[in-house]
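For ligands, and for the atoms within them, numbers begin at 1 and follow the listed sequence.
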Amino acid sequence: MQTLRTDVAIIGAGTAGLSAYRAAKAEGKQAVLIEGGAYGTTCARVGCMPSKLLIAAAEAAHAVQLAPRFGVNVSGVEVDGRAVMARLRNERDRFVGFVVDGVHALPAADRLVGHARFIDDNLLQLGDHTTLRAASVVIATGSTPIVPEALAGLGDRLLVNDDVFEWQDLPRSVAVVGAGVIGLELGQALARLGVRVTLYGGSRGHIGPLTDPQVIDEAHRVFGATLHLEPRGRVVSASRTEAGVTLRYARADGTHSEDTFDYVLAAAGRRPNVAHLGLANTSLELDAHGVPRYDAATLQAGRAPVFLAGDVNDAHALLHEAADDGRAAGRNAARFPAVEPVARRAALAIVFSDPQIAIVGQAHATLEAGTFVTGAVHFEDQGRSRVMLKNHGLGHVYVDRETRRLLGAEWFGPAAEHIGHLLAWSAQMRLSVDDMLAMPFYHPVIEEGLRTALRDAAAQL
Ligand SMILES: Cc1cc2nc3c(=O)[nH]c(=O)nc-3n(C[C@H](O)[C@H](O)[C@H](O)COP(=O)(O)OP(=O)(O)OC[C@H]3O[C@@H](n4cnc5c(N)ncnc54)[C@H](O)[C@@H]3O)c2cc1C
Ligand SMILES: NC(=O)c1ccc[n+]([C@@H]2O[C@H](COP(=O)([O-])OP(=O)(O)OC[C@H]3O[C@@H](n4cnc5c(N)ncnc54)[C@H](O)[C@@H]3O)[C@@H](O)[C@H]2O)c1
């Protein structure tokens, strides 16, 4: 057993960990990066990038299916599942390769391999080969998919996102359990690639990250028109049969459905990776999920020299937030005990479904009733969206009654990934609805839909 010392130990070489390592080094401190699994990050290996590659293939298939509605007839179109998955894996491996090369370029002494667990607040054990004493520690261990109890026991018929991206071919049918972000993105993409998909929502009827009841209703209606969506209910049982998995679902209205699929994909949320960290050996106070209580402004756990960055802190679970967290946690860990609050960017989350979803600034559920007005745009008759046969969705902007400032938005419509950025930049610049309406709007563009929503809000003030 070797014993090492460092200023900052970082557990997890994902996006948050890599960013924490660079920040600690930039402060002139010693830092080591500990990885217990494969290098390459969740985002590149089994998250953002492979999911967007699957969606890109699905969009290509969908564009062909839509072509006759423009008067463009196509014949003999088929989805070659093996080719779809081969491109996905090749491109994914390329992205992963860049990350792995970056890690290998770090000084060898700064890279430790092994599963880390705490012996006390400042002492870590790595596998059975190393103990590491650190003046401070950044926990950046990411998260793991949650498998609902009803799906336990399905063996190799149960999938999580990681498994999908290793497929050699597309299966015939998949039940997707959970209509959150992953469920929507992967469920819709698979359906568009010809896989028979049913998307099973949970008991509260959530869809994606939406919290605004009107936008949720519209999303249920629009997705329900093209996807087999069971919006609200509960999976009562799932059992292996010769044909695959038979799933029984109790709808909120008291009726039941039963269907058989090749596979079930668990997309019911993710939990922070804290279970095997030996946190009981530390002085840290843990919440009900076993996650150390920490200060959201400094990312410090209590008064200990321990910081939480990325998915493990259970706050945002987004790539850019993990990178920002890592930077802040790495810097504060290096400067400990002189920790400082971190300036955050305006909140922005995007779902790459079709239509896309963007949540900006304050989500509807976090706003205080009576303090804001809602400006709306319905996309059915929005000019450019209609031209492109993308005229589905509903966008809501929330504007403060007193200051007339943009507070947030829940946007479900075409090009929401771009509109979401305009909205997030406006929210961060603390623009008022009047400032935003004074900006240029070209014709004919989808941004004119944003202007409609802003005008609607302004008219109510
Ligand atoms: C399917 C999917 C699609 C996504 N799409 C998007 C998207 O489009 N846009 C977006 O912004 N976000 C997306 N995300 C979310 C994004 O991928 C995550 O928020 C981000 O990757 C989290 O980074 P992280 O550094 O916290 O965790 P990770 O990258 O998971 O890094 C954690 C690392 O810690 C290691 N580790 C864990 N425990 C230990 C231990 N005890 N000792 C040593 N090492 C340990 C793990 O092996 C891992 O390498 C997606 C996620 C998924 C699953
Ligand atoms: N485009 C992106 O940025 C992107 C893409 C994928 C994932 N992510 C990140 O990864 C996180 C995890 O994604 P996720 O989709 O797993 O989680 P999620 O929290 O977005 O969605 C999980 C959904 O499953 C439902 N659910 C829970 N238990 C259930 C059950 N037993 N049966 C049916 N439904 C159930 C929940 O109500 C919720 O709607 C996201 O919150 C997001 O931050 C981001």
#### Entry: For Phe352, the ligand 1 atoms whose distance to one of its heavy atoms is below 4.0 Å
8 (O)

### Summary
Candidates Val351, Ile55, Thr141, Leu54; heavy atom nearest atom 36 (N) of ligand 1 found on Thr141

### Query
Do any N/O atoms on His320 end up under 3.5 angstrom from N/O atoms on ligand 1?
no

### Query
Quick one: does Arg204 get within less than 4.0 Å of ligand 2, heavy atoms only?
no

### Task
May I ask you to identify, for Leu319, whether its side chain, its backbone, both or neither come under 4.0 Å of ligand 1 on a heavy-atom basis?
both

### Query
Charged N to carboxylate O under 4.0 angstrom, Arg303 versus Asp295?
no

### Message
Under 4.0 Å, counting heavy atoms only: does Lys52 come that close to any atom of ligand 1?
### Response
yes

### Message
Below 4.0 Å from ligand 2: does a non-hydrogen atom of Val235 turn up there or not?
### Response
no

### Subset of ligand 2 atoms that lie under 4.0 Å from at least one heavy atom of Phe352
1 (N)

### Task
Answer side chain, backbone, both or neither: which part of Ile182 comes under 4.0 Å from ligand 1, heavy atoms only.
side chain

## Note on the structure
The protein heavy atom nearest to atom 9 (C) of ligand 2 is Ala317 O, 3.2 Å

### Query
Is the shortest distance from a heavy atom of Glu417 to ligand 2 less than 4.0 Å?
no

#### Entry: Short side-chain to backbone donor-acceptor contact, Asn273 and Thr141, under 3.5 Å
yes

### Query
So which heavy atom in the protein is nearest atom 5 (C) of ligand 2, and how far is it from that ligand atom?
Val181 CG1, 3.2 Å

### Task
Please confirm whether Gly269 comes under 4.0 Å of ligand 2, counting heavy atoms of the residue only.
yes

### Query
Nearest to atom 24 (O) of ligand 2, what protein heavy atom do you find, and at what distance?
Ala268 CA, 3.4 Å

### Contact (N/O only, under 3.5 Å) between Asn273 and ligand 1
no

### Message
So for His276, does at least one of its heavy atoms come nearer than 4.0 angstrom to any atom of ligand 1?
### Response
no

### Query
Is Tyr39 near ligand 1, meaning one of its heavy atoms is under 4.0 Å from it?
no

### Message
Evaluate Gly310 for polar contact with ligand 1, using N/O atom pairs at a separation under 3.5 Å.
### Response
no

### Task
Report yes or no: does a heavy atom of Gly326 sit under 4.0 Å from some atom of ligand 1?
no

### Query
Which protein non-hydrogen atom lies closest to atom 2 (C) of ligand 2, naming both residue and atom, and how far is it?
Ile350 O, 3.3 Å

### Query
Backbone or side chain, does any N or O of Gly47 fall under 3.5 Å from an N or O of ligand 1?
no

### Query
Could a heavy atom of Arg234 be found less than 4.0 Å from some atom of ligand 2?
no

### Query
Strictly under 4.0 Å, does any heavy atom of Gly201 approach an atom of ligand 2?
yes

### Message
Which residue and atom name correspond to the protein heavy atom nearest atom 37 (O) of ligand 2, and how close is it?
### Response
His206 ND1, 3.6 Å

### Query
Side chain or backbone of Glu185 under 4.0 Å from ligand 1, or both, or neither, by non-hydrogen atoms?
neither

### Summary
Ranking Asn313, Ile350, Asp311 by closest non-hydrogen atom to atom 19 (O) of ligand 1, top hit is Asp311

### Task
Identify whether the distance between the nearest side-chain nitrogen and carboxylate oxygen of Arg92 and Glu166 falls below 4.0 Å.
yes

### Message
Please confirm whether Leu18 approaches ligand 1 to less than 4.0 Å, judged on its heavy atoms.
### Response
no

### Query
Numbering the atoms of ligand 1 from 1, which are under 4.0 Å from a heavy atom of Leu277?
41 (N)

### Message
Out of Ala322, Ala349, Gly36, who is nearest to atom 45 (C) of ligand 1 when you count heavy atoms only?
### Response
Gly36

### Message
Please classify the Ala16 to ligand 1 contact at 4.0 Å (heavy-atom distances, strictly less than): side chain, backbone, both or neither.
### Response
both

